[in-house]
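Everything on this sheet refers to the single structure shown next.
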Amino acid sequence: MKHKILIANRGEIAIRIIRAAKELGIPTVAVFSTADQHALHVKFADEAICIGASSSKDSYLNATAILSAAVATGCTAIHPGYGFLSENADFADMVEGALMTFIGPKAQTLRLVGDKAQARAIAKAHNVPISKGSDGIVNDAQEGLKVAKAIGYPVMIKARGGGGGRGIAVALSDDAFLKAFERTSLEAKAGFSDGALYIEKFIESPRHIEVQILRDQHGNLVHLFERDCSVQRRNQKMIEESPSMLSDIVRRKLFQSALKMAKGVDYVGAGTIEFLVDRQENVYFIEMNARIQVEHPVTEMITGRDLVKEQIRIALGHPLSFKQRDIRVQGVAIECRIIAEDPRHMFRPSPGVITNVVFPGGPGIRIDTHLYPTFEVSPHYDSLIAKLIVHAPTRLEAVKKMRVALEQFVIEGIQTNIEYLYLVMHNPEYIKGAVDTGFLMRFHTLFEEANA
Ligand code: ADP
Ligand code: ADP
Ligand code: MG
């Protein structure tokens with residue numbers, strides 16, 4: 001069969017997917033909003049179709065418009081990227097209903113793991129460790145309060161449909177719990193059209209460690225080791241690395257848990273199982289992301305495998321092109337998310353026109369981006385504008401390489417976090433490694449003091 005892929009996304013990930021498809025000899029169709037008519041993904045695809053106005057809900061979340069574009073251009077498959085419709089089970093159903101291939105897991109799997117409370121229950125049923133918490137969602141604040149009292153403060157209140165670090169709150173007392181519960185429920189209703197919440201014990205100073213897996217339609221399953229994504233602000237990742245600095249015993253435990261989870265939900269495609277690891281190296285499953293992840297490049301650098309190509313091949317019915325024993329870790333990779341935001345003002349977004357951009361280069365440097373001079377960073381979308389990834393034999397060499405690369409990365413016209421990242425790369429705690437999820441807030445306090 002002659003394949004043709006529509007990419008239902010924008011920005012760096014749309015370009016990343018176009019590249020993978022081109023290397024596989026598959027033509028691509030880009031979709032774009034009116035704000036993105038001059039975007040690079042539009043230029044790089046073989047064809048491009050405008051699907052609506054700037055606002056995401058009129059364009060990149062407009063399932064009908066996207067599906068019509070795919071039908072009109074004779075596409076055989078749709079790659080949803082990350083964010084937007086990537087984990088939307090109804091969209092996956094619509095794609096399959098139109099006799100096209102959804103490049104991702106089955107709609108049924110998306111439904112299972114998209115409900116984070118249910119994903120916890122599945123983990124428990126498969127002996128994957130979870131933190132104490134509610135069995136499924138809690139029906140109201142009083143029921144939540146009972147759970148909170150039973151497991152003990154601090155607790156975390158989490159939206160079942162949450163994502164992107166949103167719909168999460170910590171509570172330290174009964175009073176605070178009740179307030180946070182109402183607030184989070186409203187936020188979740190507004191953000192995810194689903195106000196349902198569940199409760200988890202708050203894990204103190206954990207590391208966020210996630211495992212990349214691939215499973216084909218023939219049941220072949222592999223993991224591609226782990227990523228440490230502990231450098232976060234507001235529960236959102238900023239810097240990721242692979243491998244982590246955990247002991248091999250814990251790493252093996254994480255891999256085994258991730259494989260159990262993937263089998264448990266009959267996963268197909270590229271997926272990520274996220275865990276928290278506390279100071280005693282106890283492991284807790286938190287969620288499964290049923291899509292390609294923003295930070296997938298660090299795994300590609302250390303394993304030398306192309307995850308997006310593999311994802312496409314799997315969707316087209318091919319068996320995995322390698323076995324577990326073929327996958328080795330070489331060196332250390334670090335990714336910095338370059339974001340159009342101002343770290344001096346609460347990381348507020350900084351949209352605008354790029355007047356100049358100079359990319360770093362050299363051995364072991366990779367940049368995934370959609371930027372070019374005169375491109376306008378729109379306020380309508382995520383403020384991620386580039387990913388800078390370095391690969392070196394050791395972590396310290398990777399850190400040093402990242403410093404040089406950040407120093408030579410010039411973006412003019414808007415505020416970015418480049419200088420901030422450069423300072424993180426010189427922080428003694430970061431250099432030592434194995435930081436917890438509270439690190440960036442500690443760093444930020446120092447940063448603000450230095451800038452006061
Ligand atoms: P990753 O784990 O791949 O880093 P992120 O949590 O950073 O994923 O999310 C990737 C992208 O998807 C971001 O642009 C984020 O804002 C968006 N995103 C993730 N989940 C949701 C969701 N449930 N609703 C809206 N946007 C989401
Ligand atoms: P999202 O769907 O938004 O990605 P996650 O459930 O993956 O949400 O959690 C995002 C981040 O929030 C984690 O990486 C971690 O830093 C923090 N977090 C989530 N659950 C807990 C918990 N139970 N205890 C402590 N921190 C947590
Ligand atoms: Mg997560």
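Residues: numbered from 1 along the sequence shown. In listed order, ligands and their atoms are each counted from 1.
- Taking the centre of each ring, Y420 and H444 come in below the 6.0 Å mark.
- Each of L259, L246, V128 was checked for a side-chain contact (heavy atoms from CB on, under 4.5 Å) with L254, and the lone residue meeting it is L246.
- Looking at V95 and T101, their side chains never come closer than 4.5 Å, going by heavy atoms from C-beta outward.
- Between H41 and Y60, the angle of the ring planes lies from 30° to 60°, which puts this pair in the tilted group.
- Every atom of ligand 2 is numbered from 1 in the order shown, and the set under 4.0 Å from a heavy atom of F202 is 24 (N), 25 (C).
- When each atom of ligand 2 is checked for a heavy atom of N235 under 4.0 Å away, the hits are 10 (C), 11 (C), 12 (O), 16 (O), 17 (C).
- Residue contacts with ligand 2 do not include S131, since none of its heavy atoms lies under 4.0 Å from the ligand.
- Applying the 4.0 Å criterion to heavy atoms of I168 picks out, from ligand 2, the atoms 8 (O), 9 (O), 10 (C), 12 (O).
- Under a 4.0 Å criterion applied to the non-hydrogen atoms of E274, ligand 2 contributes the atoms 7 (O).
- Between the Mg ion (ligand 3) and E274 there is an N/O/S contact shorter than 2.8 Å.
- Restricting E287 to its N/O/S atoms, the shortest distance to the Mg ion (ligand 3) is reached by OE2.
- Using bins of under 30°, 30° to 60° and over 60° for the plane-to-plane angle, the ring pair F443/F447 lands in the parallel bin.
- Among E397, K401, E241, R403, the one residue that satisfies the side-chain contact (heavy atoms from CB on, under 4.5 Å) test with V390 is K401.
- Distances below 4.0 Å separate heavy atoms of K201 from the following atoms of ligand 2: 22 (C), 23 (N), 24 (N).
- No side-chain donor-acceptor contact under 3.5 Å links R10 and S59.
- Taking each of K116, Q236, K132 in turn, the one with a heavy atom nearest to atom 2 (O) of ligand 2 proves to be K116.
- In this structure, R305 satisfies the cation-pi test against F322, with its NZ or CZ atom closer than 6.0 Å to the six-membered ring centre and inside 45 degrees of the ring normal.
- Contacts of L276 with ligand 2, taken as heavy-atom pairs under 4.0 Å, involve the side chain alone.
- For the atom pair F275 CZ and I286 CD1, the distance stands at 9.5 Å (nearest 0.5 Å).
- Using a 4.0 Å cut-off to heavy atoms of G162, the atoms of ligand 2 that qualify are 2 (O).
- Ligand-side atoms of ligand 2 in range of M156: 18 (N), 19 (C), 20 (N), 21 (C), 22 (C), 23 (N), 24 (N), 25 (C), 26 (N), 27 (C), range being under 4.0 angstrom from any heavy atom.
- Under a 4.0 angstrom heavy-atom cut-off, K237 registers as lying outside contact with ligand 2.
- Contact annotation: for I203 versus ligand 2, heavy atoms closer than 4.0 Å belong to both the backbone and the side chain.
- For R215 (side chain) and Y267 (main-chain N/O), a donor-acceptor pair under 3.5 Å exists by modelled atom type.
- Distances below 4.0 Å separate heavy atoms of H208 from the following atoms of ligand 2: 13 (C), 14 (O).
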